[in-house]
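Naming convention: chains lettered A, B, ... in sequence-line order (proteins, then strands); numbering from 1 in each chain. Hydrogens, waters and symmetry mates are skipped; everything else that's a heavy atom, side chains included, is used.
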Amino acid sequence: MHVARCLSLYSASLRQEQEPNMLIRTHNCGQLRDSDVGATVRLNGWVNSYRGHGTGLVFIDLRDRYGLTQLVFDGEDLPKDVLDAADHLRNEDVLAIEGTVRLRTGGENPKLITGKIEIEVSKLEVLNKTANPPFLPDDIAKLPNEELRLTYRYIDLRRPKMQQIMQTRHKLSKVTRDYFHENGFLEVDTPILYKSTPEGAREFLVPSRNVAGGWYALPQSPQLFKQILMVAGCDRYIQLCRCFRDEDPRADRQAEFTQVDLEMSFVRREHVMDMMEGYVRRLWKEMLNVDVPPVQRMTYREAMERFGIDRPDTRYGLEITDISELAGRSDVGFFKEALAKGTDRPKFNSRRGVVKAIRVPGGSEKLSRKITDGYNEFVRSFGAGGCAVVKMTAAGQLETGIAKLLESVKDELIKTLGLQAGDTVLFVADVYSTATKSLGELRQKVARDMGVVPKPGIEGGPWNFLIVIDFPMFERDKESGRWMAMHHPFTAPRDDQAQAFVDADVNDEVTIESIVSAGYDIVLNGQEIAGGSIRIHDGKAQSKVFQLLGLTPEQAKEKFSFLLEALSYGAPPHGGIAFGLDRLVMNFIGTDNIRDVIAFPKTQIGADLMTRAPSMVSDEQLKELYVKSTFTPPAKA
RNA sequence: GGGGCGGUAGCUCAAUUGGUUAGAGUACCGGACUGUCGAUCCGGUGGUUGCGGGUUCGAGUCCCGUCCGCCUCGCCA
């Protein structure tokens with residue numbers, strides 16, 4: 001075993017120097033077997049549990065990250081002072097011991113990999129006595145609340161489960177580096193202290209001491225550095241990099257997170273997608289011995305039409321059907337109101353009025369009135385006016401809600417949706433973007449309520465990969481009405497759209513919204529695990545994007561002159577992608593809490609409970625940075 | 001910024017409608033015990049019920065504010 005060899009070399013080299021005042025380990029706590037019986041060994045570790053039988057006999061389970069080994073202090077053969085010391089050991093004390101491996105005389109413990117043997121201790125050194133810990137690193141007992149776990153993270157991380165997570169994360173990083181190394185990628189570090197640019201997310205700022213009034217920003221991603229590395233002839237770049245976005249966190253989102261970031265020169269999007277598919281296949285094979293079949297591709301429009309979301313969970317049905325034409329001939333007032341918002345626009349235009357529906361097989365039994373009332377509130381939180389509900393009876397009639405008003409189109413509706421007795425239908429009528437989004441979110445909620453969401457992949461459920469392509473280049477910001485880049489401002493139009501984009505009138509809303517990018521996302525079981533695109537490598541096209549986004553040429557120059565200049569000096573066609581490393585680990589661990597896969601995560605307000613960051617700094621520190629705080633502490637009563 | 005849930009012994013939890021001295025398990029301390037393995041048995045210490053106000057004869061419980069943690073909408077290219 002590799003670890004064992006390192007350890008024995010280490011202790012051997014120590015012995016050649018001065019005799020250390022410590023029993024340096026010869027083995028770890030997960031290593032010894034019945035084949036080692038008779039050997040004299042030294043172990044180091046923490047007391048995981050203490051089972052004393054008075055002054056005569058003491059059992060200790062000694063723990064390190066490799067496992068547990070039982071120690072026995074047997075009074076018949078031990079000096080009294082050693083036995084006394086053993087008798088006062090407590091959970092989490094740190095020990096060094098020397099002893100002899102022997103078969104257990106009191107029966108094996110099948111729960112432990114070292115369960116056939118025990119160490120008959122002859123020497124004991126207490127390396128550090130612990131204070132009474134606030135909790136024990138125990139995977140069997142109920143976990144203390146997360147606040148406490150984060151405050152004493154070093155104790156929480158001692159838990160075997162957390163050790164396993166850190167090992168999984170390490171292995172993922174290693175497989176990643178292996179794969180991309182084998183494919184000719186070069187790992188390059190990019191700066192953490194970067195420039196403030198209006199790329200999307202709110203930035204963390206760092207004041208400069210040497211440049212009065214100057215500020216760095218922490219990178220939201222190394223996006224422009226990796227593109228410039230392509231201009232620099234790097235050809236294939238990879239980095240496991242930390243990214244920073246000063247936005248509110250979620251269960252699967254932290255302000256500080258890690259990406260598998262990469263970029264390739266002289267490629268079309270198929271090359272990048274193939275490389276990514278190869279990566280995913282390699283990862284799942286090495287991490288879980290799972291063979292990932294060829295990944296299906298789906299256009300953004302198909303995803304939105306069928307699933308109402310750009311990261312569809314294809315593990316279950318409950319697909320969305322557009323019934324606008326039929327709804328227009330019904331007697332439902334709010335259907336007609338929604339359709340009146342404009343049906344003359346193109347089919348997928350965000351402002352087109354539509355009526356959409358989800359058929360829920362067997363819903364009338366499982367979805368109570370209380371639940372469907374909740375759906376009404378639910379879709380309202382996404383901006384829709386409400387959610388209408390009808391049920392199909394055994395007699396083939398529609399009932400509840402707007403059933404009567406649908407009478408004139410009943411047969412068509414039944415045929416279009418394929419309704420059967422016991423089904424429930426959920427309707428939303430609004431403009432395309434709102435109706436689609438709210439039904440897309442509702443679909444996922446209904447799936448949970450109906451119990452049709454399979455187990456997570458790690459628990460034997462399916463791994464449904466999907467690559468979504470052909471995203472719109474731009475979408476309207478809901479509040480300002482301005483154009484926003486759907487992926488980011490450096491995304492190129494799809495090859496066949498490039499000319500249309502260059503020719504497009506920036507005021508031609510319908511055309512601008514219809515232009516499709518060369519972007520791609522990788523979706524796993526309804527979760528976006530990676531996103532990327534072919535980039536613009538032409539300065540003129542890049543300038544046009546900036547113009548569309550509302551940047552004046554002066555602003556574009558001030559913020560992005562380095563990019564525009566770089567593009568002008570022989571930039572190769574290039575594209576790339578970034579995977580959310582934390583989310584990958586979450587899938588391999590089977591957790592929906594991103595904090596579980598980060599050694600030292602932050603809370604909802606970005607606090608590190610262990611170090612108590614962020615903290616106040618002195619006026620002297622601020623002054624040196626040319627910064628004056630406007631914060632005034634609240635007056636104390 | 002909005003909505004929701006939570007905060008009681010070191011930890012996990014309980015405490016009837018607002019009513020006696022806020023309990024239990026565990027950890028910790030002391031004692032017993034030579035084959036345990038989440039050891040067992042006996043005894044003990046341990047409380048600003050997050051914090052601040054209010055209502056009440058009386059508040060862990062009701063009200064207001066605030067802090068912290070979690071979930072979520074907005075936000076996150």
Side-chain angles (χ1 to χ4, degrees), chain A residues 48-61 68-78 83 87-88 90-92 104-112 114-115 118 120 130-136 138-152 155 197-203 220-221 223 243-255 257 377-378 380-383 437-438 441 445 471 473-475 477-479 483-491 517 519 521 528 531-533 545 549 578 580 592-593 595 602-605 607 609 634 636-637:
Chain A
N48 192 67
S49 73
Y50 165 94
R51 297 180 292 275
H53 291 256
T55 50
L57 181 66
V58 173
F59 296 97
I60 295 287
D61 286 342
L68 293 176
T69 299
Q70 173 164 292
L71 313 180
V72 191
F73 296 82
D74 197 330
E76 286 174 2
D77 316 305
L78 268 183
L83 201 53
D87 198 37
H88 288 94
R90 288 298 176 264
N91 291 335
E92 302 310 307
R104 293 191 180 201
T105 53
E108 295 177 14
N109 184 347
K111 293 180 200 166
L112 302 182
T114 62
E118 63 189 11
E120 182 184 9
T130 182
N132 188 19
F135 60 95
L136 293 174
D138 185 349
D139 282 331
I140 299 166
K142 192 172 180 187
L143 283 178
N145 72 56
E146 198 171 5
E147 196 172 348
L148 200 76
R149 290 173 52 205
L150 294 179
T151 305
Y152 299 94
I155 296 175
T197 57
E199 284 175 47
R202 187 182 296 119
E203 298 170 312
Q220 301 162 43
S221 81
Q223 179 61 33
C243 304
F244 306 88
R245 296 178 188 174
D246 188 7
E247 303 289 352
D248 290 349
R250 289 288 183 275
D252 62 352
R253 220 166 75 191
Q254 282 262 300
F257 63 101
E377 281 307 305
F378 183 78
R380 277 185 190 154
S381 72
F382 298 98
K437 160 135 201 195
S438 47
E441 297 290 339
K445 187 177 175 64
F471 290 84
M473 288 270 286
F474 303 100
E475 59 183 343
D477 180 62
K478 277 172 237 105
E479 284 162 24
W483 288 116
M484 307 279 286
M486 187 168 234
H487 182 52
H488 59 51
F490 318 107
T491 300
S517 80
D521 281 357
E528 182 192 329
S533 63
V545 171
L549 299 180
D592 48 17
N593 179 354
R595 295 179 299 279
K602 294 183 174 59
T603 68
Q604 290 272 316
I605 58 171
L609 296 178
K636 284 182 181 173

Sugar-phosphate, base or nothing in reach of A:L150, heavy atoms under 4.0 Å: nothing
Partner set under ring pair (Phe, Tyr, Trp, His ring centres under 6.0 Å) for A:F73, not counting sequence neighbours: none
Integer angstrom distance from the C1' of B:G25 to that of B:A14: 11 Å
Whole-Å C1' distance, B:A59 and B:U49: 11 Å
Comparing A:E146 and A:L112 on RNA chain B - which has the more 5′ nearest nucleotide: A:L112
Among B:C75, B:U72, B:U36, the one nearest A:Q604 by side-chain distance: B:U72
Base B:G74 to side chain A:D248, donor-acceptor N/O within 3.5 Å cut-off: yes
Rounded distance in Å between the C1' positions of B:C28 and B:C71: 35 Å
Closest contact, heavy atoms only, A:D138 versus A:I140: OD1-N, 2.7 Å
Check: A:P249 and A:R595 side chains under 4.5 Å, non-hydrogen atoms: no
Selection from B:G69, B:A27, B:U72 that lies nearest to any side-chain heavy atom of A:L136: B:A27
Under-4.0 Å side-chain N/O to phosphate OP1/OP2 contact, A:R250 with B:C73: yes
Presence of donor-acceptor pair under 3.5 Å, side chain of A:T105 and base of B:G35: yes
Residue list, side-chain hydrogen bond (donor to acceptor under 3.5 Å, both in side chains) with A:R250, at least two apart or on another chain: none
Those residues that, when tested against A:R149, pass side-chain hydrogen bond (donor to acceptor under 3.5 Å, both in side chains) (two or more places apart): A:D156
Which nucleotide in B:A27, B:G35, B:G69 has an atom nearest any side-chain atom of A:F59: B:G35
First of A:R104 and A:I605 reached from the 5' end of RNA chain B, by closest nucleotide: A:R104
Sugar-phosphate only, base, or nothing, as touched by A:G107 at under 4.0 Å among non-hydrogen atoms: base
With A:R253 via salt bridge (charged side-chain N to carboxylate O under 4.0 Å, His left out) - residues at least two apart: none
Close side-chain approach of A:D246 and A:E203, heavy atoms under 4.5 Å: no
Side-chain heavy-atom pair A:V72, A:V58 within 4.5 angstrom cut-off: no
Between the protein and nucleotides 10-12 of chain B, list every N/O to N/O distance that falls short of 3.5 Å.
unit_1	atom_1	unit_2	atom_2	d
B:G10	O2'	A:P134	O	3.1
B:C11	O4'	A:P134	O	3.2
B:U12	OP1	A:N145	N	2.7
B:U12	OP1	A:N145	ND2	3.4

P gap between B:U45 and B:G4, integer Å: 43 Å
Nucleotide forming a Watson-Crick or wobble pair with B:U55, both distances under 3.5 Å: none
Donor/acceptor link under 3.5 angstrom from A:R245 side chain onto base of B:C76: no
Rounded distance in Å between the C1' positions of B:G74 and B:C11: 37 Å
B:G74 phosphate, OP1 or OP2, under 4.0 Å from A:K437 side-chain N/O: yes
Contact check, side chains of A:H488 and A:Q220, non-hydrogen atoms, under 4.5 Å: no
B:G18 versus B:C63 - spacing of their C1' atoms, nearest Å: 13 Å
No-H, no-angle donor-acceptor pair, A:R595 side chain to B:C70 base, under 3.5 Å: no
Between the protein and nucleotides 39-41 of chain B, list every N/O to N/O distance that falls short of 3.5 Å.
unit_1	atom_1	unit_2	atom_2	d
B:A39	OP2	A:S49	OG	3.2
B:A39	OP2	A:R51	NH1	3.2
B:A39	N7	A:G52	O	3.3
B:A39	N6	A:G52	O	2.4

A:Q220 side-chain N/O to B:C76 phosphate OP1/OP2 under 4.0 Å: no
Exceeds 12 heavy-atom contacts within 6.0 angstrom, atom CG of A:D477: yes
Sugar-phosphate, base or nothing in reach of A:E147, heavy atoms under 4.0 Å: sugar-phosphate
For A:F382 against A:K437, the heavy-atom pair lying closest together: CD2-CE, 3.8 Å
Touch class at under 4.0 angstrom, heavy-atom based, for A:G106 against every strand present: base
Distance between P atoms of B:U20 and B:C73 (Å, rounded): 44 Å
Nucleotide nearest A:D74 (side chain, heavy atoms from C-beta), chosen from B:G74, B:C28, B:U34: B:U34
